[in-house]
Each structure stands twice: as structure tokens, then as C-alpha cells.
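Here the structure comes first, spelled out in C-alpha cells, and everything after it is commentary.
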There are 2 protein chains.
Amino acid sequence: MYIERMSTSERLIESTRELLWERGYVGTSPKAILEHAGAGQGSMYHHFKGKPDLALAAIRRTAEELRATAERVLAGPGTPYERIEAYLRRERDVLRGCPVGRLTMDPDVIASDELRAPVDETIAWIRHRIAEIVEEGKRQGQFAPSLDGEEIGAAVLATVQGGYVLARASGSPAAFDAGVRGLLSLLAPSTPGQRR
Amino acid sequence: MYIERMSTSERLIESTRELLWERGYVGTSPKAILEHAGAGQGSMYHHFKGKPDLALAAIRRTAEELRATAERVLAGPGTPYERIEAYLRRERDVLRGCPVGRLTMDPDVIASDELRAPVDETIAWIRHRIAEIVEEGKRQGQFAPSLDGEEIGAAVLATVQGGYVLARASGSPAAFDAGVRGLLSLLAPSTPGQRR
DNA sequence: GTCTATATCCCGATAGAC
DNA sequence: GTCTATCGGGATATAGAC
């Protein structure tokens, strides 16, 4: 990622993003960030008000990047089912978990409306985006009219977020893949183009 | 919970269980445990080798309790679908999250095979238990023969674990409930007793 | 068994030199 | 803008009195 070529401020944000992903907010100290970024104390407090301020910048960027990645897949080609399948099957660093979702288990993030906001917005956005695609599939007759877009959206996103939990518990991505296959087997149109 | 009536060792374990649930391993200090338990430093290091040893006792107990709670619901009355529904709909402290699943986001827990083991075993056990029930439903013709028990088990458990993530992100249990309803609408036999 | 005292290091932040 | 020095407090553990 050529982190050594970035400005100090950029290096601080990128280092924070990586450490937040790996160790969460509570487990990430300013000292660890500074060492990773190759900067001194003064730099950090010159560019940011403190740990929460730097974390906010990092979380916002990670959230925006995740949203863009999801949209690239969800707005891709194919039927509604195929686009949801593409989202579920997209390449992921499964054992690292979701850089946004993992923050919901961080007590200090959840306690701060400011830190939680980008997490909430990103997750709500992806869920709603899936819901729209489900509704599109219903109109096309690919999904049963009885399905609720928002509910299926929640189930799809939860399967992903929970899949990370299963995978990390077992130390293997296999459980994530199994959950995805299970959900897809339930969602799959029984005949292509038909209601189920 | 009458924590004040327990032995010192019991109070330490129970206090650790509560703090691990609330703040995770990294976010829980021996000092906080001692204050919560009303004990001094010496007591803790007399009964346990240190923080990891005390956490292990706490995690083992929480894991065993969760497994027992799940089994009570999964072994209950009703058809396979109804028992899975009962598991998904059972009363939960949704915004607190899963006391076992949340540990998978803790870097120090995942880094230790000893601390991770009870987490892994509990999650694998519940997943397999659901898989058995799905297979039973297949034999009874309630579920389609094309479904894979282990995959559906993974999807069901992932929906629960991911539901906590969605709920905590939004600060409301509604998203958890939506995911559960979404999954159930996909799993539901279209006619009672029929294959779908 | 439980307590207090102490040790060593890390945490998050500030001050002020350069 | 970046550095080092320093601060008050907390993390984790040990020592030793009672």
C-alpha cells in the first residue's frame, strides 16, 4: 500500500484503519498507531484532537470504502438473485472479519454516537440496497411475493456478519462459506426465472 | 443473582463473566473485575494464575450455560421447523449481543487456542444440533431433500450472530427481529407438513 | 485466604523545544 | 509539523504482612 510514501496524516489514518480492523478500538493504543505509522506523539496531536478524533477519520474512510465495494457488486450484471449471490460470494478476507461490523462489538464505539454513526449508516445502507434488489426480483417474478425486501436484506447481511463469527470461532473460512451456501439454497429460484 | 452471597472465587468468576460480555477480554481489566467482585488483588491471584486463567474459567461457564439454553429450546416440542423457529425467536438480550460470539472479535481470545476452544466448541455444537433437526425435517418431508443440514445450521446460527451486529449498529433490536423473520420466511414450509 | 504495598510498564494527553 | 520530555493514572503482576 506504499504507506511510507503518504503524508503523515494519511499514514496515521491508514495505520489506524488497519489496527482497528485487527484489534478494535479498545485494543488499539495511540502508541501502537504511531509505531505503525512511523510518527511521533506530536504529529498525531497536531493533526487530530486525540484518539477518538483519529478513529473517527479512520472509521469514516473504512465505511465509505466498504459501501463502494458492496455497491460495485450489487450494481453489477445479472438477475436480482445473481447479484445477491455475487455479494454473498465476493472475495473476502474471512478470518479478518468485517472492518465495519466488528466495531459493533466495541463498547467504546457503541457508547459514542459519533463513532457509531458511520457504522450504522453503512450497515443500514447495504441492507436497504439488498432490499431494493429483492423487491426488483419480486416484480420480475424471481422471488415469491410473500418475501419482504427489508427482512431478506437483514437476513442476507446477518448471514455475512454472522458468518465471520462462525469462521473466526473455528479458525477456518469453511463455516462462512457453508452459511452462504445454506442461505442461497433457501433463496434460490427453483426454476430459473420462476417464483421459487 | 445474589453475587454477594457467593464465595470469593465464585464472585470473581461471575464478575468476569459479566464484564467479558459487556466489554470483551481486551476491555476488561483485573482491577475492574476486583472492584465488581468486591475483592482485593491477593484473592484473585490466590485462586487464579492471572487474567487469562480467570477468563478461561468464566468463558467455560458461559459457554456451557449457552449450550444448555440452546438445547432446552432445540429439544423442545414441535416439528423441526417449529423448534428452529423457537430457537430463533427465543428471548434474548439482543443489544447486549451473544456472550460467546462476541469473543470471536477479541484479538487476544482468537490468538489463544485455550481461550478460543470453548467458543469454538459451543458454536460448532449448536450448529450441528440445528443440522440434525434439519435432517430430521427432511426425513419427515417438511424440508426439501436438496437442503444440506450443516449448511442450513450455519445459516441459522449466522443469522443470529449477525443479527446482533445489525441490532447493535442501529441501537435497536428491530434489525435482529427482521433478519430472523426474513430467514424464517425462506425456511417455512409453504403448507404445514409439506416439503415447501 | 485476604489484604496492602510496591514494581514495571503502558495509556492517553500536554508542553514546549526545534 | 515534528520531535522529546513529562504527566497522572491504569494494567498486570509480585511480595509479604496478617
Side-chain angles (χ1 to χ4, degrees), chain A residues 2-59 103 105-116, chain B residues 2-59 103 105-112 114-115:
Chain A
Y2 303 105
I3 200 174
E4 58 282 353
R5 289 212 200 163
M6 302 172 181
S7 68
T8 301
S9 162
E10 278 298 301
R11 289 201 321 273
L12 287 168
I13 293 178
E14 289 303 313
S15 296
T16 304
R17 297 213 304 147
E18 287 183 33
L19 289 170
L20 283 183
W21 194 357
E22 176 129 1
R23 302 194 45 86
Y25 183 87
V26 167
T28 298
S29 68
K31 188 185 182 188
I33 294 168
L34 295 173
E35 275 167 13
H36 191 281
Q41 292 272 86
S43 295
M44 171 177 150
Y45 286 99
H46 172 75
H47 292 286
F48 302 94
K49 287 200 277 285
K51 177 180 170 178
D53 189 43
L54 173 51
L56 182 58
I59 292 172
L103 297 172
M105 294 302 142
D106 230 298
D108 291 2
V109 171
I110 293 305
S112 157
D113 285 341
E114 220 180 353
L115 291 179
R116 187 172 58 81
Chain B
Y2 303 106
I3 200 173
E4 60 281 353
R5 290 212 200 164
M6 302 174 182
S7 68
T8 300
S9 162
E10 278 298 302
R11 289 202 320 275
L12 286 169
I13 293 178
E14 289 303 314
S15 296
T16 305
R17 296 212 307 145
E18 288 182 33
L19 289 170
L20 283 183
W21 194 357
E22 176 128 0
R23 301 195 44 88
Y25 183 87
V26 166
T28 298
S29 68
K31 188 183 182 189
I33 294 169
L34 295 172
E35 276 167 12
H36 191 281
Q41 292 273 85
S43 295
M44 171 176 151
Y45 286 99
H46 173 75
H47 291 286
F48 301 95
K49 288 200 278 283
K51 177 180 168 177
D53 189 43
L54 173 51
L56 182 58
I59 292 173
L103 297 172
M105 295 302 143
D106 231 299
D108 291 2
V109 172
I110 294 305
S112 157
E114 220 179 356
L115 292 178

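Here the structure is a predicted model, which means the values were calculated and not measured. Protein chains get the first letters and strands the later ones, always in sequence-line order, with residue 1 at the start of each. All values below come from the heavy atoms of this structure, side chains included, with hydrogens, waters and symmetry mates left out.
Non-hydrogen atoms lying under 4.0 Å from DNA chain C are contributed by A:S29, A:P30, A:K31, all within residues 24-37 of chain A.
Across the protein-nucleic acid pair, B:Y45 atom OH and C:dT6 atom P stand 18 Å apart, rounded to whole Å. Across the protein-nucleic acid pair, A:D53 atom CG and C:dT14 atom C1' stand 16 Å apart, rounded to whole Å. One atom, CZ of A:F48, and another, C1' of C:dG12, lie 16 Å apart when rounded to the nearest Å.
Pairs passing the side chain to side chain donor-acceptor pair (under 3.5 Å) check and including a residue from residues 29-38 of chain B, sequence neighbours excluded, read B:S15-B:H36, B:E18-B:H36. Within the structure, the salt bridge (Lys or Arg N to Asp or Glu O under 4.0 Å) test picks out no pair touching residues 45-57 of chain B (sequence neighbours left out).
Residues satisfying the side-chain hydrogen bond (donor to acceptor under 3.5 Å, both in side chains) test with B:E10, not counting sequence neighbours, are B:R61. Under the side chain to side chain contact (heavy atoms under 4.5 Å, CB included) criterion, B:R23 pairs with A:V26, A:P107, A:D108, B:T28, sequence neighbours left out. Listed by chain and number, the residues in a side chain to side chain contact (heavy atoms under 4.5 Å, CB included) with A:L34 are A:L12, A:A39, A:Q41, A:M44 (sequence neighbours excluded). Checked against side chain to side chain contact (heavy atoms under 4.5 Å, CB included), A:P52 has the following partners two or more places apart in sequence or in another chain: A:Y25. In this structure, the side chain to side chain contact (heavy atoms under 4.5 Å, CB included) partners of B:E22, at least two apart in sequence or on a different chain, are B:R96.
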Check the pair A:E14 / A:R17 against salt bridge (charged side-chain N to carboxylate O under 4.0 Å, His left out), numbers first and verdict last.
-> CA-CA 5 Å; A:E14 289 303 313; A:R17 297 213 304 147; 3.3 Å; yes
Could you list all N or O pairs between the protein and nucleotides 1-3 of chain C that sit under 3.5 Å apart?
| residue | atom | partner | partner atom | Å |
| --- | --- | --- | --- | --- |
| C:dT2 | OP1 | B:T8 | OG1 | 2.7 |
| C:dT2 | OP2 | B:H47 | NE2 | 2.7 |
| C:dT2 | O5' | B:S43 | OG | 3.4 |
| C:dC3 | OP2 | B:G40 | N | 2.6 |
| C:dC3 | OP2 | B:S43 | OG | 3.2 |

